[in-house]
Amino acid sequence: MSELYIRVAEDENEEPMEIPSEDDGTVLLSSVAAQFPGACGLRYRNPESQCMRGVRLLEGVLHAPENDWGNLVYVVNYPKDNKRKMEEIDAASAVKIKRGFQKTSDLIVLGLPWKTTEQDLKDYFTTFGEVIMVQVKRDAKTGNSKGFGFVRFTDYETQTKVIAQRHMIDGRWCDCKLPNSKACPDEPMRSRKIFVGRCTEDMTTDELRQYFMQYGEVTDVFIPKPFRAFAFVTFADDQVAQALCGEDLIIKGVSVHISNAEPKHNNSRQMMDRGRFGVNLVSIPTGGTAYILRSYYLKIHCLLFC
DNA sequence: GTTGAGCGTT
């Protein structure tokens, strides 16, 4: 195998993009998906029959037809008829790519007055830049504010500016910091499975699969029943899983936190801790509802439902 | 109905 790159396009008569092949001459689906988010395979026009042919895909690895990619232009396959949806995903991944250089994360807002609402927070922080979401953490029973919340900005510069100063919100000085949960150092786990924390009950396995597909081939989605506010997503490629660790992703308007999935054993104490939350999770009232900018929400909504 | 450093139902 001498090819270093193969030519891939979204359509036969569109300008192709060069995608790198591996040392053994195969091409990773994740390499294709990196340029064409949501891609699930490749096809090409067989010069002899003039018919479209599929490229063999095994475990996320694309194999050259007859061991030679040749000089053909390969066309991206998308799941079902999701092309429209992929355009939306493109918009979403553009956000991610942008964040790739200087990624923003949720900031914890400490010292909020009890009376401060999510609308108040949004109004205040919008004066610094575009706000993706705000939350005020409340007691589940009483609905009282716990005096802290979270905010997420579109631009990293905004985040930097907000962290750098104190904030007078509704008559109290508040601080914005990177939350402790951000700590996700280089673990030697190399797991293909990620832990998705802070899930809401309305997230289905299909929706999670749809969402995470944009990052790479998803091999499994597991949501514990009864509802426990987290899920596991397994990728074909451990690099995809590892790359997502530490991220805060917004799914259906909710900020979920991605971390390494811990091995099944060794968590009996965690199970005990969780026990008290086992029931009464059926209805989550207004507390914890994220306020989402309309435009952003529509994009995400469309991404998941259209 | 109270409170004032913290960390988001692993």
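Note on naming: letters A, B, ... go to the chains in the order of the sequence lines (proteins, then strands), and numbering restarts at 1 for each one. Reckoned from all heavy atoms, side chains included, excluding hydrogens, waters and symmetry mates.
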Taking NZ, NE, NH1 and NH2 as the nitrogens, is one of them in A/Asp237 or A/Arg192 under 4.0 Å from a carboxylate oxygen of the other?
-> no
Would you give the length of the straight line joining atom CG of A/Leu244 to atom NE2 of A/His257, rounded to the nearest 0.5 angstrom?
-> 11.5 Å
Take the protein atom CZ of A/Phe195 and the nucleotide atom P of B/dT9, then report the distance between them rounded to whole Å.
-> 12 Å
With sequence neighbours excluded, what pairs up with A/Phe232 under the ring pair (Phe, Tyr, Trp, His ring centres under 6.0 Å) test?
-> A/Phe195, A/Phe230
According to the interplanar angle, ranging from 0 to 90°, do the rings of A/Phe212 and A/Tyr215 count as parallel (below 30°), tilted (30 to 60°) or perpendicular (above 60°)?
-> tilted
So which protein nitrogen or oxygen atoms get under 3.5 Å of nucleotides 2-6 of chain B's nitrogens or oxygens?
residue: B/dG4; atom: O6; partner: A/Trp114; partner atom: NE1; Å: 3.0
residue: B/dG4; atom: N1; partner: A/Leu112; partner atom: O; Å: 2.6
residue: B/dG4; atom: N2; partner: A/Leu112; partner atom: N; Å: 3.4
residue: B/dG4; atom: N2; partner: A/Leu112; partner atom: O; Å: 3.1
residue: B/dG4; atom: N2; partner: A/Gly147; partner atom: O; Å: 2.9
residue: B/dG6; atom: O6; partner: A/Gly111; partner atom: N; Å: 3.3
residue: B/dG6; atom: O6; partner: A/Gly147; partner atom: O; Å: 3.2
residue: B/dG6; atom: N1; partner: A/Lys146; partner atom: O; Å: 3.3
residue: B/dG6; atom: N2; partner: A/Lys146; partner atom: O; Å: 3.1

Basic-acidic side-chain contact under 4.0 Å: A/Lys115, A/Asp170 | no
